[in-house]
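Remarks on the structure that follows.
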Amino acid sequence: MQKSASLPLPPADALAASSALSARIDAAIDANGGWLGFDRYMTLALYEPGLGYYSGGAAKFGRDERDGSDFITAPELTPFFAATVARQLAQWLAMGLDTVMEFGAGTGRLAADLLLALEREGRLPARYLIVELSGELRERQQATVAARAPHLAGRVQWLDRLPDRFEGVIVGNEVLDAMPVRLYARQDGVWHERGVARAGQGWRFADRAVDAAQVPPSLQAIPGTHDLVTETHAEAEGFVRSLGTMLSRGAVLLIDYGFPAAEYYHPQRAGGTLMCHYRHHAHPDPFLYPGLQDITAHVDFTGVADAATEAGLDLAGFTSQARFLMNAGITELLMTLDPNDPRSFLPASNAVQKLLSEAEMGELFKVIALTRALDDAVPIGFARGDRSHTL
């Protein structure tokens, strides 16, 4: 387990849990001949039962490091995010659908606020399903829904696996970026898969040459021979295919940070997009405090769209978060507050500005909509500024 003098030191019990996870990772490396693919390392660090970042008991979502959290998501930032997303969901629910399914529900804030907003829109679903494997997060979600929307809590059900078939609306905010990625490095014109090996009491990156025929097509398309590091997203693309297999009729709305493939695999993006988050500090070391920090990569939305269409889904829209939220009426919702009351209006408008600003979340985050067997009405969030042609 590696440490950093520039980041806050975890409490003793968290360090003990991280040490236990480190021992399991060491054992996995040894069992695999001294080298572990980075995707497998990332799976252990994030999802190892009871110890991984998303499957353990550490706080993750919050406003600053004093509450023990590591980052803040849009639903935690302002209820206007959910209220605006609800307008898009309401359009689809009006097409004879009565169930919403959420992935990556986090604290449950998005679920609670979506239910309240859909109630106001007159499109309250009969059921709101949350797919959640973490017992700690499930308890937190239940508490959040009970506190924020107690009269709607009976509509919420938790699942620990995908149903075979589903008809309704699927929503996921910052789900794809947390799925394990494979790392690749091009060195002297030759592609290598980047894995993890032991190094004293910690780990180091270790590269293995890849046969030219086994190099993923997205990497083969990167021009030049200069050195670079990047990621591929088989796990996220497989997840989208599974949604396509499951969805008999309905829509999928996914919101995350990322780029189309032409930007993602641009030859000047030589360092890749892998990033870690610990106590509201972003840093590049995935080996720091395993189980106590998030490890993430930007999303290749072209790969997501291709996986969806291969699974029989229709691409209904792709745009920036700012354009989506403005199309769906976030500024109209904000103006329901009294601008002459600075104590309520200024914090709300500042939060909305973070969602829309190109310098904050507005351009980096993208929104993609996928549908099956719905009418061809343009989704309201993509009525203007659709970028599907860039995928």
Side-chain angles (χ1 to χ4, degrees), residues 2-7 35-46 53 70-71 174 176-197 199 202-210 212 214-237 256-290 292-304 320-321 358-366 390-391:
Q2 297 178 196
K3 301 178 181 179
S4 171
S6 63
L7 294 174
W35 183 92
L36 204 62
F38 186 80
D39 57 334
R40 178 59 182 152
Y41 169 83
M42 190 169 170
T43 299
L44 291 169
L46 297 182
Y53 182 74
D70 299 301
F71 52 86
E174 295 196 50
L176 300 175
D177 66 83
M179 293 187 177
V181 297
R182 296 180 79 170
L183 288 185
Y184 288 88
R186 188 170 68 185
Q187 301 167 3
D188 298 322
V190 178
W191 282 103
H192 299 71
E193 182 173 1
R194 177 155 289 184
V196 180
W203 305 294
R204 62 178 176 84
F205 285 124
D207 297 341
R208 289 184 171 183
V210 178
Q214 301 301 314
V215 177
S218 57
L219 306 188
Q220 294 179 18
I222 302 176
T225 59
H226 60 287
D227 292 356
L228 59 83
V229 176
T230 191
E231 309 89 21
T232 61
H233 300 263
E235 188 96 4
E237 292 164 10
D256 225 312
Y257 43 89
F259 315 97
E263 295 179 49
Y264 198 103
Y265 295 111
H266 193 282
Q268 292 181 0
R269 196 180 300 282
T273 72
L274 194 75
M275 185 57 63
C276 305
H277 299 275
Y278 174 73
R279 297 297 184 264
H280 290 264
H281 295 269
H283 68 91
D285 183 3
F287 303 142
L288 175 73
Y289 303 138
L292 305 185
Q293 68 163 350
D294 192 21
I295 307 173
T296 180
H298 288 49
V299 176
D300 167 18
F301 278 101
T302 299
V304 169
S320 68
Q321 176 176 283
E358 289 188 5
E360 299 269 0
M361 302 171 70
E363 178 59 32
L364 180 61
F365 279 71
K366 308 297 193 305
T390 67
L391 295 174

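Throughout, numbering of the chain's residues begins at 1 and tracks the sequence.
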Gap between atom [atom2] of [Y] and atom [atom1] of [X] - 0.5 Å precision:
{"X": "Asp227", "Y": "Asp188", "atom1": "CG", "atom2": "CG", "value": "5.5 Å"}
{"X": "Tyr53", "Y": "Asp294", "atom1": "OH", "atom2": "CG", "value": "5.0 Å"}
{"X": "Leu292", "Y": "Tyr278", "atom1": "CG", "atom2": "OH", "value": "6.5 Å"}
{"X": "Glu358", "Y": "Leu364", "atom1": "CD", "atom2": "CG", "value": "11.5 Å"}
{"X": "Trp35", "Y": "Phe205", "atom1": "CH2", "atom2": "CZ", "value": "12.0 Å"}

I'd like to know if the side chain of [X] and the backbone of [Y] have a donor-acceptor N/O pair within less than 3.5 Å.
{"X": "Asp256", "Y": "Leu176", "answer": "yes"}
{"X": "Asp39", "Y": "Leu183", "answer": "no"}
{"X": "Tyr265", "Y": "Glu231", "answer": "yes"}

Query raised in the report: Ring centroid separation for His298 and Phe259, is it under 6.0 angstrom?
Result: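 Aromatic pair counts; centres sit under 6.0 Å.
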Query raised in the report: Hey, mind stepping through Arg279 and Gln293 against side-chain contact (heavy atoms from CB on, under 4.5 Å) and telling me if it holds?
Result: CA-CA 8 Å; Arg279 297 297 184 264; Gln293 68 163 350; over 6 Å; no
Query - Worked verdict on Phe365 versus Glu174 for side-chain contact (heavy atoms from CB on, under 4.5 Å) - result: CA-CA 9 Å; Phe365 279 71; Glu174 295 196 50; 3.6 Å; yes
Kindly indicate whether the side chain of [X], heavy atoms from C-beta on, has any atom under 4.5 Å from the side chain of [Y].
{"X": "Ile222", "Y": "Arg186", "result": "yes"}
{"X": "His283", "Y": "Leu288", "result": "yes"}
{"X": "Phe38", "Y": "Ile295", "result": "yes"}
{"X": "Leu36", "Y": "Leu44", "result": "yes"}
{"X": "Thr296", "Y": "His277", "result": "yes"}
{"X": "Met179", "Y": "Met42", "result": "no"}
{"X": "Pro267", "Y": "Leu228", "result": "no"}
{"X": "Trp191", "Y": "Pro216", "result": "no"}

Looking only at heavy atoms, which two atoms of [X] and [Y] are closest? And how far apart?
{"X": "Ser218", "Y": "Thr232", "answer": "OG-CG2, 4.2 Å"}
{"X": "Thr43", "Y": "Pro180", "answer": "OG1-CG, 3.2 Å"}
{"X": "Val181", "Y": "Ala297", "answer": "CG1-CB, 4.0 Å"}
{"X": "Ala178", "Y": "Leu46", "answer": "O-CD1, 3.4 Å"}
{"X": "Pro290", "Y": "Trp203", "answer": "CG-CH2, 3.7 Å"}
{"X": "Ala206", "Y": "Ala197", "answer": "CB-CB, 3.9 Å"}

Report task. Verify side-chain contact (heavy atoms from CB on, under 4.5 Å) between Lys366 and Val299, making sure each step is shown before the conclusion. Result -> CA-CA 9 Å; Lys366 308 297 193 305; Val299 176; over 6 Å; no
Query raised in the report: Taking it one step at a time, do Phe287 and Val196 satisfy side-chain contact (heavy atoms from CB on, under 4.5 Å)?
Result: CA-CA 9 Å; Phe287 303 142; Val196 180; 3.8 Å; yes
**Report entry** Test item: side-chain donor near acceptor, Thr230 and Tyr264, under 3.5 Å
**Finding:**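 No, no side-chain donor-acceptor pair sits under 3.5 Å.
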Requested in this report: Taking salt bridge (Lys or Arg N to Asp or Glu O under 4.0 Å) as the test, write out the residues that go with Arg182, two or more places apart.
Outcome: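 Per chain and number, Arg182 pairs via salt bridge (Lys or Arg N to Asp or Glu O under 4.0 Å) with Glu193.
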